[in-house]
Asks: 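Pasting a structure below so you can have a look.
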Amino acid sequence: MVENIHTVFFMKKKSFDFQKLPRSFYLQPTLRVAKKLLGKLFVRKCRKELLIGKIVEVEAYRFNDKASHSYRGKTKRNEVMFAEGGTLYVYFTYGMHFCANIVTEEKGNGCAVLLRGIEPLEGIETMKTNRNNYSEKKSLSQLTNGPAKICQSFSLGRKENGTDLLGDEIFVAENNEQQDSFLIASSPRIGIREGYGEKKQWRFFLKNNRFVSVK
DNA sequence: CGACCGATTGACT
DNA sequence: GTCAATCGGTCGG
């Protein structure tokens, strides 16, 4: 069975026809979802504007995974990570940054995929405005190559924690513009200490894409 | 309650 | 390469 959810937006005299990913996509095993999210479009409706980018780098976090927030069970901070697949989990860290995850698998599993790199496609000027400390001197690749940079440019914070990705505010869509095939590379996850599953190759990214955070 | 530190970033040597 | 910023969650006493 193929589910197609088309959402058409008319904004600023442009029309967008999105094939929004269905719930069933997010209910698959986390590592599979992580890899399949690469190349898809992350879409954020921000007032009268659309912010769109291609997902180029992700990391998987699961239950029984010492690096995962869900490892010690549900708390007020991480409760959204235990929601049904297809929910946005945004957390606050380092006293100043937010990171965005896409919850996977069935409700209660505590699995998610962290967004680490996005190639900006639409609404780039607004993303630059949303970013702290972004000057035109910087290369465009510095705009959204990192989990906290993505949250700044797409304006994701506490309000967006728990957003259902099957709504019209924030969602992921098929990328029908993706003509050429791409190579997926994997590596250990970034910033995971020794003894916390640092050897798991659960970071996935598009090879040779300049919006990947760590080369 | 205090100490420690994080799925980070940007500035600086 | 090093390091400060900045705060809430977690853990030990």
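To find a chain, count down the sequence lines: A is the first, B the second, and so on, and within it residues start at 1.
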Asks: In whole Å, what is the span from the CZ atom of A:Arg72 to the P atom of B:dG6?
Replies: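 Rounded to the whole Å, the gap is 12 Å.
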Asks: Tell me whether the side-chain N/O atoms of A:Lys149 come closer than 4.0 Å to OP1 or OP2 in B:dG10.
Replies: yes
Asks: Mind calculating the distance between CG (A:Asn132) and C1' (B:dT8) to the nearest angstrom?
Replies: 13 Å
Asks: Taking NZ, NE, NH1 and NH2 as the nitrogens, is one of them in A:Glu198 or A:Arg189 under 4.0 Å from a carboxylate oxygen of the other?
Replies: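 Salt bridge flag = no for A:Arg189 with A:Glu198.
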Asks: If the test is side-chain contact (heavy atoms from CB on, under 4.5 Å), which one of A:Val56, A:Leu183, A:Asn145 qualifies with A:Asn209?
Replies: A:Val56
Asks: Please work out which of the three classes, parallel, tilted or perpendicular, describes the rings of A:Phe42 and A:Phe154, given edges at 30° and 60°.
Replies: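 Plane angle over 60°, so perpendicular.
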Asks: Could you state the atom-to-atom distance from CZ of A:Phe92 to P of C:dT6 in whole Å?
Replies: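 Atom-to-atom, A:Phe92 to C:dT6, this comes out as 11 Å.
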Asks: Determine: side-chain N/O of A:His97 to OP1/OP2 of C:dT6, distance under 4.0 Å, yes or no.
Replies: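 Result: no.
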Asks: Send over the distance from A:Lys74 NZ to C:dG9 C1', rounded to a whole Å.
Replies: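 One finds 18 Å between C1' of C:dG9 and NZ of A:Lys74, rounded.
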Asks: So what does A:Arg189 touch, heavy atoms closer than 4.0 Å: a base, only the sugar-phosphate, or nothing?
Replies: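 If one applies the 4.0 Å heavy-atom cut-off, A:Arg189 turns out to touch nothing in the nucleic acid.
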Asks: Name the nucleic acid region contacted by A:Ala67, choosing base, sugar-phosphate or nothing; use a 4.0 angstrom heavy-atom cut-off, strictly under.
Replies: base
Asks: Should B:dT8 form a Watson-Crick or G-U wobble pair with both distances under 3.5 Å, which nucleotide is its partner?
Replies: C:dA5
Asks: Out of B:dA7, B:dG10, C:dG8, which nucleotide sits closest to the side chain of A:Arg158?
Replies: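 Of B:dA7, B:dG10, C:dG8, C:dG8 is nearest to the side chain of A:Arg158.
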Asks: Decide yes or no, distance alone: a donor-acceptor N/O pair under 3.5 angstrom between the base of B:dA7 and the side-chain of A:Tyr91.
Replies: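 Answer yes: a donor N or O sits under 3.5 Å from an acceptor.
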Asks: Establish, with yes or no, whether the OP1 or OP2 oxygen of B:dA7 is under 4.0 angstrom from a side-chain nitrogen or oxygen of A:Arg193.
Replies: no
Asks: Has A:Tyr61 got its ring stacked on the base of B:dA7, with centres under 5.5 Å and planes less than 30° apart?
Replies: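 The base of B:dA7 is stacked with A:Tyr61 (centres under 5.5 Å, planes under 30°).
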Asks: Does OP1 or OP2 of B:dT8 have a side-chain N or O of A:Arg116 closer than 4.0 Å?
Replies: yes
Asks: Kindly point out which of B:dG10, C:dT6, B:dA7 is positioned nearest to the side chain of A:Met96?
Replies: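 Per side-chain heavy atoms of A:Met96, the pick is C:dT6.
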Asks: Tell me which of A:Tyr134 and A:Leu114 sits closer to the 5' end of DNA chain B, going by the nucleotide each one is nearest to.
Replies: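 Between the two, 5'-proximity favours A:Leu114.
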Asks: Rounded to whole angstrom units, what separation is found between the CD atom of A:Glu194 and the C1' atom of B:dG6?
Replies: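 In whole Å, B:dG6 C1' lies 17 Å from A:Glu194 CD.
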Asks: So, is A:Arg131 near the phosphate of B:dT8, with a side-chain N or O under 4.0 Å from OP1 or OP2?
Replies: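 No, A:Arg131 has no side-chain N/O under 4.0 Å of OP1/OP2 on B:dT8.
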Asks: Can you check the A:Tyr94 OH to B:dC4 P distance for me, whole Å?
Replies: 17 Å
Asks: What I'd like to find out is whether the side chain of A:Ile192 reaches to under 4.5 Å of the side chain of A:Tyr61, using heavy atoms alone.
Replies: yes
Asks: Rounding to the closest angstrom, what is the interatomic distance between C:dC3 and B:dC5 at atom C1'?
Replies: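 15 Å, rounded to whole Å.
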Asks: Just checking, any donor-acceptor pair under 3.5 angstrom between side chains of A:Arg203 and A:Ser187?
Replies: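 Yes, side-chain donor-acceptor contact under 3.5 Å.
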Asks: For A:Lys76 and C:dG8, give me the distance from atom NZ to atom P, rounded to whole Å.
Replies: 13 Å
Asks: Report, as yes or no, whether the 6.0 Å neighbourhood of atom OH on A:Tyr134 holds more than 12 heavy atoms from other residues, nucleotides or ligands.
Replies: yes
Asks: Expressed as a whole number of angstroms, how long is the span from A:Asn145:CG to B:dT9:P?
Replies: 8 Å
Asks: With a 4.0 Å limit, can you tell me whether A:Ser68 has a side-chain N or O closer than that to the phosphate oxygens OP1/OP2 of B:dA7?
Replies: no
